[in-house]
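In what follows, a single structure is set out as C-alpha cells and then discussed.
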Amino acid sequence: MEGMYCYEYPRPAVTTDCVVFGYDANDGLSVLLIRRGIEPFKDCWALPGGFVRIDEEVRACAMRELKEETGLQLSDISEVKELGCYSGVHRDPRGRVITIAFYHLVRKSEVKGGDDAKEARWFPVDNLPAFPFDHKEIVEDAIKRLKRDIYFEPIGF
C-alpha cells in the first residue's frame, strides 16, 4: 500500500523532547539537560530528544533518545506523561519540526552524555541555563504541570 497515495503537501519532521525532573532531599528539584554536540546550537544545554523514526511511536522515540543521550533508562514508560505538542513554525532552524514533549519525575541518578550529546547533567530548576529552540517554554509548562500533579495526584517514588 505504501506509495499508493501521493500528496503535494510538504511534510514536517517530528521530534520528541523529554523533561525529566530529578529529586533528592539534598538538592531539591532538578531538570536533566544535555549539552548538544552538533549544530544547530552546538554546545548549548537542551532537553534530551530527537527525531522520530518512520517505524517508531513517539513515546518509544522519547525513551530511546533519553537513553541514548543520557544513559537514563526509565523502567516503566507508561508512567511518563505526555506534556503536549509544540508546533511553532520557526521553532527549529533546520526546517518545519513539530515536537511532542513528555515529562517524568525520577530519583536523581548518574547520567552521561552519549549519541549526539556531549554531556548530560542535572540543573536545579531555579538555576537553569539559556535554552535553544523553544525548550524554555517546554520546561516552564512542565514545571506548571508537575506542580498541578503534586497538588491533585499522589506522587512518589
Side-chain angles (χ1 to χ4, degrees), residues 1-22 29-106 111-125 127-149 152-153:
M1 282 289 178
E2 191 168 323
M4 186 173 164
Y5 300 100
C6 185
Y7 298 100
E8 295 181 23
Y9 303 104
R11 291 171 181 80
V14 179
T15 60
T16 61
D17 286 309
C18 298
V19 183
V20 179
F21 294 105
L29 190 65
S30 298
V31 175
L32 180 59
L33 301 177
I34 56 113
R35 184 186 301 271
R36 291 181 55 81
I38 60 171
E39 294 294 349
F41 305 112
K42 184 176 180 180
D43 293 322
C44 289
W45 290 99
L47 294 171
F51 289 91
V52 177
R53 295 176 179 160
I54 197 70
D55 61 346
E56 185 175 50
E57 293 184 8
V58 292
R59 185 178 299 270
C61 171
M63 298 306 94
R64 174 182 56 77
E65 287 287 344
L66 182 64
K67 183 179 179 192
E68 288 175 2
E69 293 185 340
T70 71
L72 184 63
Q73 184 167 2
L74 302 180
S75 57
D76 186 1
I77 67 169
S78 67
E79 294 293 316
V80 176
K81 296 182 180 183
E82 189 172 316
L83 179 62
C85 174
Y86 294 80
S87 61
V89 174
H90 302 290
R91 65 175 301 277
D92 191 318
R94 294 170 289 193
R96 185 70 172 107
V97 179
I98 297 168
T99 197
I100 312 301
F102 294 87
Y103 71 106
H104 194 53
L105 175 65
V106 300
V111 292
K112 62 184 181 327
D115 193 30
D116 57 359
K118 281 185 173 180
E119 184 181 355
R121 191 169 76 171
W122 295 101
F123 283 82
V125 294
N127 191 21
L128 296 172
F131 287 113
F133 307 105
D134 55 358
H135 289 187
K136 181 177 190 259
E137 176 187 358
I138 295 170
V139 170
E140 288 171 350
D141 288 351
I143 290 170
K144 288 177 199 168
R145 185 74 64 84
L146 183 65
K147 286 178 181 178
R148 188 194 75 190
D149 289 352
F152 289 109
E153 301 173 17

Testing the basics here: between [X] and [Y], what is the closest heavy-atom pair and its distance to 0.1 Å?
X	Y	value
Trp122	Gly22	CZ3-N, 3.3 Å
Arg145	Glu82	NH1-O, 3.5 Å
Val139	Leu47	CG2-CD2, 3.7 Å
Cys61	Gly50	SG-O, 3.8 Å

Other residues, nucleotides and ligands only: do more than 12 of their heavy atoms fall within 6.0 Å of CD on Glu56?
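Yes.
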
Any side-chain heavy-atom pair from [X] and [Y] closer than 4.5 angstrom?
X	Y	value
Val20	Pro48	no
Arg11	Tyr9	no
Val106	Leu32	no
Tyr103	Ile138	no
Leu146	Leu29	yes
Glu79	Leu74	no
Phe102	Val19	no
His135	Trp45	no

How long is the gap from [atom1] on [X] to [atom2] on [Y], to the nearest 0.5 Å?
X	Y	atom1	atom2	value
Lys112	Thr70	NZ	OG1	8.0 Å
Glu137	Arg91	CD	CZ	9.0 Å
Glu65	Thr15	CD	OG1	9.0 Å
Leu66	Gln73	CG	CD	9.0 Å
Leu105	Phe21	CG	CZ	8.0 Å
Leu83	Lys144	CG	NZ	10.5 Å

Cationic N near anionic O, under 4.0 Å, Glu140 to Lys136
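A salt bridge links Glu140 with Lys136.
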
Between [X] (side chain) and [Y] (backbone), is there a donor-acceptor pair under 3.5 Å?
X	Y	value
Ser87	Ile98	no
Arg36	Pro40	yes
Arg59	Val80	yes

Who are the salt bridge (charged side-chain N to carboxylate O under 4.0 Å, His left out) partners of Lys118, not counting sequence neighbours?
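Lys118: salt bridge (charged side-chain N to carboxylate O under 4.0 Å, His left out) contacts with Asp43.
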
If you measure only the distance, is there a donor-acceptor pair under 3.5 Å linking the side chains of Asp17 and Tyr86?
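Asp17 vs Tyr86: no donor-acceptor pair found between side chains.
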
